[in-house]
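Structure record follows, encoded as structure tokens.
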Amino acid sequence: MAQLAVNVDHIATLRQARGAKYPDPVTAAMAAETAGADGIVVHLREDRRHIQERDVRILREMVQTKLILEMVSTPEMLGIALDIKPNIVTLVPEKRAELTTEGGLDIITHFNSIKESVKHLQNGGIKVSIFIDPHLEQIKHAHKMGADMIEIHTGAFCDAITDIEQDKEFARIVDAAKIASKLKLGVNAGHGLGYHSIKRFKGLNEIDEFSIGHSIVARATISGMEQAVRDMLALIKAL
Ligand code: PXP
């Protein structure tokens with residue numbers, strides 16, 4: 001059975017929107033673990049728009065499953081990762097203006113520098129995953145540079161509107177997962193996955209773990225709304 005790693009970035013997005021102390025991504029991570037999550041994911045972005053370095057440090061102390069740090073491959077971020085030591089680093093591309101990670105990392109163009117980062121992290125005892133589009137050549141290069149695992153970018157599949165587009169994009173994911181598995185790479189998948197799109201993955205046993213954030217955080221805000229309103233009403237009634 002595939003595992004689920006829960007990304008709590010958008011709990012921090014909500015906190016940062018108010019510059020408040022809550023909601024706390026660490027508390028959300030604890031709740032996710034209690035519910036059975038197999039890992040906790042956070043993306044420490046260069047612009048620190050949601051998760052802060054302090055969050056990652058506290059999560060390192062608190063997470064009992066495994067902590068997965070998504071980050072861009074820069075000297076600053078490598079230093080932070082080697083200091084905090086998450087269980088896994090997922091190397092991702094990052095653009096300041098993007099709303100979320102757009103596209104996988106191009107490890108053909110950046111082969112030498114990414115390979116060096118992979119080795120550096122692994123020498124520090126951290127496993128390395130690389131977030132790539134489901135393209136054969138990218139997967140071969142991930143294998144060639146000695147990555148422990150890949151994360152297949154599922155965004156194009158999740159964003160596809162027509163059945164034909166969806167089928168085409170899903171076929172790419174299937175091929176990518178099977179090739180990566182043959183190469184003995186760990187195979188994760190994520191980006192844009194929701195309560196409907198996840199059903200398509202039935203039987204694709206090559207995927208070891210799904211990394212899901214937005215849809216889970218979004219559902220949590222709605223499914224928790226009734227109780228949150230009841231709690232406030234009870235306090236108001238008691239005034
Ligand atoms: N995997 C990677 C590499 C990501 O950058 C993200 C988004 O932070 C996710 C998975 C989770 O995507 P979503 O929030 O759409 O579930």
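Treat the numbers as computed from the prediction; the structure is a model and nothing was measured. Counting starts at 1 for both ligands and their atoms, following the listed order.
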> Hey, what's the ring geometry for Phe157 with Phe170, parallel, tilted or perpendicular (30° and 60° as the breaks)?
Replying inline: tilted

> Got Lys127 and Asn87 here, is their nearest side-chain heavy-atom distance under 4.5 Å?
Replying inline: no

> Under a 4.5 Å cut-off applied to non-hydrogen side-chain atoms, are Met1 and Asp38 in contact?
Replying inline: no

>> Between Glu151 and Ser129, is there a side-chain donor-acceptor contact under 3.5 Å, judged purely by atom types and distance?
In response: no

> Quick one: nearest non-hydrogen protein atom to atom 2 (C) of ligand 1, plus distance?
Replying inline: Glu70 OE2, 3.0 Å

> Out of Met71, His191, Glu151, whose heavy atom is nearest to atom 1 (N) of ligand 1?
Replying inline: Glu151

>> Taking distance alone, with N or O pairs closer than 3.5 Å, would you say His214 contacts ligand 1?
In response: yes

> Considering only protein heavy atoms, which is closest to atom 5 (O) of ligand 1, and at what distance to one decimal place?
Replying inline: Thr101 OG1, 2.9 Å

> So, do Ile51 and Pro25 sit near enough that their side-chain heavy atoms are less than 4.5 Å apart?
Replying inline: yes

>> Under 4.0 Å from a heavy atom of Gly192: which atoms of ligand 1 are those, numbered in the order shown and with their elements?
In response: 12 (O), 13 (P), 15 (O), 16 (O)

> With a 4.5 Å limit on heavy-atom distance, are the side chains of Leu69 and Ile126 in contact?
Replying inline: no

> atom 16 (O) of ligand 1: which protein heavy atom is closest, and how many Å away?
Replying inline: Gly213 N, 2.7 Å

>> How far is atom 11 (C) of ligand 1 from the closest protein heavy atom, and which atom is that?
In response: Ser211 O, 3.9 Å

> Do Phe131 and ligand 1 have an N or O pair less than 3.5 Å apart?
Replying inline: no

> Counting each atom of ligand 1 from 1 as listed, which ones have a heavy atom of Val92 under 4.0 Å away?
Replying inline: 3 (C)

>> Tell me if a side-chain donor or acceptor on Asp208 pairs with a main-chain N or O of Gly186 at a distance below 3.5 Å.
In response: no

> With atoms numbered from 1 as shown, which atoms in ligand 1 lie under 4.0 angstrom from a non-hydrogen atom of Asn7?
Replying inline: 8 (O)

